[in-house]
Trainee: 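I have a structure I would like to understand better, so I am pasting it below and will then ask my questions one at a time.
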Amino acid sequence: MPGYGVVGPDEGSGLLPWSWADERLARSRYYWVATAWPDGRPHVTPVWGMWQAGAAWFSCSPGSRKARNLGADPRCVVTTDDPVRPVIVEGRAERRTARPDAELFAEQVSAKYDEDVTVDFVLDNALYRVAPARVFGLDEEDFTGSPTRWFPGR
């Protein structure tokens, strides 16, 4: 974070372990998804979702702006809902249509949000998996020492 007192990857006073990011991604109540319009303008929206097996998962209407944006350009950013200890995931959204994926998503999202999300509902919509290419996180209590970047896919 040049300009904020953090210059290099070995200079932090509290570089964070991957388990710190993984835990926050798993327990985030909501997520924010950022996509790009075809002309490059940003589009950001909150979603229900889950962090499962090292990837972010969310569902939306296939006609929604985010689904249309992802159809044109799958690059996106998914963040946790915590501005004090955020985790930011950069990756590519992959649309998933397999029934086992929809079953797992429906089961876990139903439990997380205390709703009855059916497998058919998930299959009728657009289900996405975002595997992280790069992840960034920080803890406000150690703002200049904690910023950490991970490359889980490498």
Side-chain angles (χ1 to χ4, degrees), residues 1 4 6 15-141 143 146-154:
M1 292 178 49
Y4 285 90
V6 179
L15 295 179
L16 304 165
W18 173 248
S19 59
W20 182 93
D22 191 56
E23 176 186 328
R24 276 150 188 80
L25 285 160
R27 77 173 190 219
S28 187
R29 177 82 176 148
Y30 304 103
Y31 303 87
W32 289 90
V33 175
T35 61
W37 284 70
D39 66 5
R41 288 180 291 147
H43 175 75
V44 179
T45 185
V47 296
W48 282 7
M50 65 181 191
W51 180 255
Q52 172 67 30
W57 293 75
F58 65 91
S59 177
C60 61
S61 166
S64 69
R65 171 48 49 201
K66 69 182 148 294
R68 290 181 288 156
N69 288 349
L70 292 170
D73 182 352
R75 294 176 297 171
C76 64
V77 175
V78 178
T79 72
T80 58
D81 61 359
D82 183 355
V84 177
R85 291 174 188 84
V87 180
I88 299 103
V89 174
E90 296 177 359
R92 298 175 89 74
E94 175 190 1
R95 185 142 178 210
R96 303 301 286 256
T97 58
R99 187 167 190 88
D101 291 338
E103 288 170 350
L104 178 63
F105 185 81
E107 176 186 321
Q108 291 198 0
V109 166
S110 291
K112 181 176 185 175
Y113 298 101
D114 194 26
E115 292 287 335
D116 185 21
V117 177
T118 67
V119 174
D120 288 336
F121 177 82
V122 174
L123 289 170
D124 287 343
N125 284 284
L127 176 61
Y128 292 97
R129 177 183 183 273
V130 179
R134 179 175 15 198
V135 179
F136 178 78
L138 65 87
D139 186 335
E140 184 180 85
E141 290 181 15
F143 185 77
S146 69
T148 306
R149 188 172 41 206
W150 301 270
F151 298 93
R154 291 186 184 173

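Note that the structure is predicted; figures quoted are calculated from it, not measured.
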Trainee: Would you check if Asp101 and Arg129 make a side-chain contact, meaning some heavy-atom pair closer than 4.5 Å?
Mentor: no
Trainee: Measure the shortest side-chain to side-chain distance between Arg95 and Leu70 over non-hydrogen atoms and say whether it is less than 4.5 angstrom.
Mentor: no
Trainee: For side-chain contact (heavy atoms from CB on, under 4.5 Å), just list the numbers for Val87 and Trp20, CA-CA rounded to whole Å, side-chain angles, deciding distance to a tenth of an Å, and then say yes or no.
Mentor: CA-CA 9 Å; Val87 180; Trp20 182 93; 3.8 Å; yes
Trainee: Which pair of heavy atoms, one from Ala106 and one from Ser110, lies closest together, and at what distance?
Mentor: O-OG, 2.7 Å
Trainee: Side chains of Tyr128 and Pro74, heavy atoms from C-beta outward: is any pair under 4.5 Å?
Mentor: no
Trainee: What is the minimum heavy-atom distance between Pro152 and Ala133, and which atoms define it?
Mentor: CD-O, 4.2 Å
Trainee: Trp37 vs Arg65, test: side-chain contact (heavy atoms from CB on, under 4.5 Å). Steps then yes/no.
Mentor: CA-CA 8 Å; Trp37 284 70; Arg65 171 48 49 201; 3.5 Å; yes
Trainee: Got a second to check how far Met50's CE is from Gln108's CD, nearest 0.5 Å?
Mentor: 4.5 Å
Trainee: Salt bridge check, Glu94 against Arg92: does any charged N sit closer than 4.0 Å to a carboxylate O?
Mentor: no
Trainee: Does any part of the side chain of Arg85, heavy atoms only, come nearer than 4.5 Å to the side chain of Thr80, both counted from C-beta?
Mentor: no
Trainee: Please report the closest heavy-atom contact between Leu25 and Tyr31, naming both atoms and the distance.
Mentor: O-OH, 2.6 Å
Trainee: If you take all heavy atoms of Val89 and Pro132, which pair is closest and at what distance?
Mentor: CG1-CB, 3.6 Å
Trainee: Tell me whether Asp114 at atom CG has more than 12 heavy atoms from other residues, nucleotides or ligands lying less than 6.0 Å away.
Mentor: no
Trainee: At their closest point, which heavy atom of Val130 faces which heavy atom of Cys76, and how far apart are they?
Mentor: CG2-SG, 3.7 Å
Trainee: Please enumerate all residues that pass ring pair (Phe, Tyr, Trp, His ring centres under 6.0 Å) together with Trp32, with sequence neighbours excluded.
Mentor: none
Trainee: When rounded to the nearest 0.5 angstrom, what is the spacing between CZ in Arg24 and CH2 in Trp51?
Mentor: 14.0 Å
Trainee: Are the side chains of Cys60 and Asn125 in touch, meaning some heavy atoms are under 4.5 Å apart?
Mentor: no
Trainee: Can any side-chain N or O of Thr79 pair as donor or acceptor with the backbone N or O of Ile88 at less than 3.5 Å?
Mentor: no
Trainee: Give the minimum heavy-atom separation between Val47 and Lys66, together with the two atoms involved.
Mentor: CG1-CE, 3.5 Å
Trainee: Test Glu115 against Trp48 for side-chain contact (heavy atoms from CB on, under 4.5 Å), laying out the working first.
Mentor: CA-CA 11 Å; Glu115 292 287 335; Trp48 282 7; 3.3 Å; yes
Trainee: Donor-acceptor check, side chain of Thr148 to backbone of Leu16, threshold 3.5 angstrom: yes or no?
Mentor: yes
Trainee: If I take atom CG from residue Leu127 and atom CG from residue Leu104, how far apart are they, to the nearest 0.5 angstrom?
Mentor: 9.5 Å
Trainee: Looking only at side chains, do Ser146 and Asp139 share a donor and an acceptor under 3.5 Å apart?
Mentor: no
Trainee: Has Tyr113 got more than 12 heavy atoms of other residues, nucleotides or ligands less than 6.0 Å from its OH?
Mentor: yes
Trainee: Assess whether side-chain contact (heavy atoms from CB on, under 4.5 Å) is satisfied between Val109 and Trp57, documenting all intermediate values.
Mentor: CA-CA 10 Å; Val109 166; Trp57 293 75; over 6 Å; no
Trainee: How many angstroms lie between atom CG of Leu15 and atom CZ of Arg149, to the nearest 0.5 angstrom?
Mentor: 11.0 Å
Trainee: Without swapping roles, check the side chain of Arg29 against the backbone of Lys112 for a donor-acceptor pair under 3.5 Å.
Mentor: yes
Trainee: Could I get the full list of salt bridge (Lys or Arg N to Asp or Glu O under 4.0 Å) partners for Asp73, not counting sequence neighbours?
Mentor: Arg75
